[in-house]
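One structure below.
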Amino acid sequence: MRYKNTYINLDTRLYHEQPPTPLENPRAGHFNEQVAQQLGWTDDEDLMARWVDILAGQYVPADFEPLAMAYAGHQFGQWAGQLGDGRGLLMAQVLDKQDKLQDLHLKGIGLTPYSRMGDGRAVLRSTIREYLCGHALNQLGIPSSNALGFVVSDTKVRRERMEAGAALMRVADSHIRLGHVEWIASFAPDLLGEFTDYMIDTYYPECRDSEAPVLAFLTAVVERTAKMIADWQLIGFAHGVMNTDNLSITGSTLDFGPFGFMERFNPAWINNHSDHTGRYAYQNQPAIGHWNLNIWLPHFMRLEGVTRETLSECLAPYEATFMQHYQQGLCRKLGLPHERDSLTLAFEWLTLLEDNLLDYTNSFRALLGLVAPDEHPYEQHLLAMMTTELNQEAQKAWQDWSIAYLAQIELVSFEQAINDMKTNNPIYVLRNGMAQRAITAAEQGQFEEVDRLFELLKTPYDIQDIATDLDSTPPNPNAPQMPISCSS
Ligand code: AMP
Ligand code: MG
């Protein structure tokens with residue numbers, strides 16, 4: 001691997017250097033060959049032979065320089081003060097096969113000075129959820145952290161019950177969160193210039209060509225965040241805990257603990273059981289992205305040339321960028337040209353889904369069974385299932401809508417429409433029930449279901465033999481929601 005540990009060259013107030021605290025008797029959970037190859041991990045025999053020991057913190061390769069980062073944040077809208085890596089360590093930074101810098105961050109690996117009341121550990125169920133979700137998002141084409149693999153151990157961790165400690169080697173383009181800047185502003189404001197230079201040079205070097213690199217950088221962060229959240233809305237992803245300490249400065253999905261993928265369409269869906277007010281409900285995500293950036297940007301007024309007015313200009317494109325990306329994506333999901341009539345149809349379609357609590361993923365995919373039934377028997381089956389869920393009144397609305405829709409789709413080439421629909425509407429997403437079945441088996445020492453889901457989610461846009469009906473079945477409309485909470 002080509003190591004490029006640069007965070008460790010920053011001011012020592014920003015982190016704490018320390019080794020991981022090993023897990024006892026670690027066993028392999030899953031190893032992501034694709035990520036390993038991309039990192040160059042597979043080129044190193046020692047890393048390959050000892051990956052379980054490395055992920056368990058039992059062996060730290062000589063080129064690793066583990067450290068815990070300090071950061072702060074706003075949690076559920078309130079200033080939370082200092083947070084930081086309380087159970088994770090940045091182990092190394094690496095240039096991948098595309099010369100892109102990647103952080104290797106080991107999560108669940110013991111106490112750090114930022115652990116506060118926590119135990120520094122992660123349990124198996126949350127580790128599996130994060131592992132499969134990062135993989136799913138990446139394979140869906142959404143910027144997100146991923147992972148090299150995970151291990152489980154005999155170390156006991158107390159939550160509501162005693163559980164097995166696990167560790168995940170997260171891989172992300174950056175682990176710098178909006179909250180890093182908030183920490184600096186509160187605890188070491190003299191470092192803001194140096195840290196901003198580091199962020200620009202490392203992650204936004206193209207902004208150096210601008211007359212005002214800092215403003216160009218801030219505008220780019222705003223833009224990438226807006227696009228990432230538009231991607232979430234389109235795929236039906238709810239992050240669950242969009243605190244400023246969980247948002248990356250690179251516009252890549254990070255720290256999705258209580259996440260969920262939309263099943264029966266309800267824009268007000270709250271997937272995080274601890275989110276009592278619904279602050280992070282699916283439909284609030286775009287506004288929360290704006291809220292987070294709005295509270296983050298003013299810290300940069302300490303820098304020369306940055307004023308309230310120039311910051312307003314950085315933030316102003318947020319809404320238009322989001323809308324453009326979201327609306328374009330919606331049209332692609334429907335195979336329609338990007339224009340006003342298509343958007344009217346798109347919003348009518350979403351209303352139909354909402355009014356009838358139809359499955360978000362299956363319903364979008366089912367439209368292929370309407371547009372080109374002969375080539376899409378599976379989608380025709382989805383369509384049949386969908387229409388049986390409609391009452392008489394809804395049947396009429398559906399029929400009217402589908403006539404208008406089929407007329408509108410005539411405006412683009414048939415091949416284009418089919419291609420857009422196939423590449424923007426997955427067949428498989430990580431439904432909570434799927435993750436839960438894999439977790440239940442893994443807690444009994446059986447990892448085959450994790451392996452199967454990993455394979456399934458590798459090509460989410462293609463029908464697969466290894467799929468079961470349960471992978472595409474939404475919960476019963478009246479079933480109580482599975483309680484999924486914050487950190488565990
Ligand atoms: P999260 O809700 O996972 O984003 O975590 C918020 C903060 O709590 C971060 O500073 C985490 O490092 C810290 N944290 C979460 N769980 C633990 C734990 N079990 N032990 C120590 N710190 C934790
Ligand atoms: Mg976090």
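Keep in mind it's a predicted model, so treat the numbers as computed, not measured. Whatever order the structure lists them in is the order used to number ligands and atoms, beginning at 1. We use all heavy atoms of the structure for the numbers below, so side chains are in, but hydrogens, waters and symmetry mates are not. FYI, the numbering just counts along the sequence from 1.
The distance between the ring centers of H30 and Y131 falls below 6.0 angstrom.
Under the 30°/60° scheme for interplanar angles, the aromatic rings of F187 and W183 are found to be tilted. The aromatic rings of H290 and Y318 sit perpendicular, their planes meeting at an angle over 60°, well past the 30° parallel limit.
Residue-to-ligand polar distances keep G118 apart from ligand 1: every N/O pair is separated by 3.5 Å or more. Among the atoms of N246, some N or O lies under 3.5 angstrom from an N or O of ligand 1. The distance criterion of under 3.5 Å between nitrogen or oxygen atoms is met by G120 with respect to ligand 1. On a distance-only criterion, Q75 and ligand 1 share no N/O pair closer than 3.5 Å. Note: an N/O pair closer than 3.5 Å links R116 and ligand 1 by distance alone.
In this structure, the side chain of R2 engages the main chain of D96 through a donor-acceptor pair within 3.5 Å.
The heavy atom nearest to atom 17 (C) of ligand 1, considering only E130, M117, R87, is found in R87.
Those atoms of ligand 1 that come under 4.0 Å of a heavy atom in R121, given as number and element, are 19 (N). Contact atoms of ligand 1 toward D255: 4 (O) (distance under 4.0 Å to a heavy atom of the residue).
Residue R159 places a heavy atom under 4.0 Å from ligand 1. Contact analysis puts G84 in contact with ligand 1, with a non-hydrogen atom separation below 4.0 angstrom.
The Mg ion (ligand 2) has D255 among its coordinating residues (N/O/S atom, backbone or side chain, under 2.8 Å). In summary, an N, O or S atom of N246 is located under 2.8 Å from the Mg ion (ligand 2).
Only one option out of E443, E163, E130 pairs with R125 in a side chain to side chain donor-acceptor pair (under 3.5 Å); it is E163. Each of L191, V214, D201 was scored for a side-chain contact (heavy atoms from CB on, under 4.5 Å) with T196, with one residue passing: V214.
Of the inter-residue distances, the one linking S153 atom OG with N25 atom CG reads 8.0 Å to the nearest 0.5 angstrom.
At a heavy-atom cutoff of 4.0 Å, ligand 1 is contacted by no atom of Y114, backbone or side chain.
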- [ ] Applying side chain to side chain donor-acceptor pair (under 3.5 Å), run through D85 and H175 and close with a yes or a no.
- [x] CA-CA 10 Å; D85 288 331; H175 278 80; over 6 Å; no
Open item on the list: Could you walk me through whether R177 and D255 satisfy the salt bridge (charged side-chain N to carboxylate O under 4.0 Å, His left out) test, starting with their C-alpha distance in whole Å, then the side-chain angles of each, then the deciding distance to 0.1 Å, before giving a yes or no?
Closed with: CA-CA 10 Å; R177 303 132 191 278; D255 255 13; 2.9 Å; yes
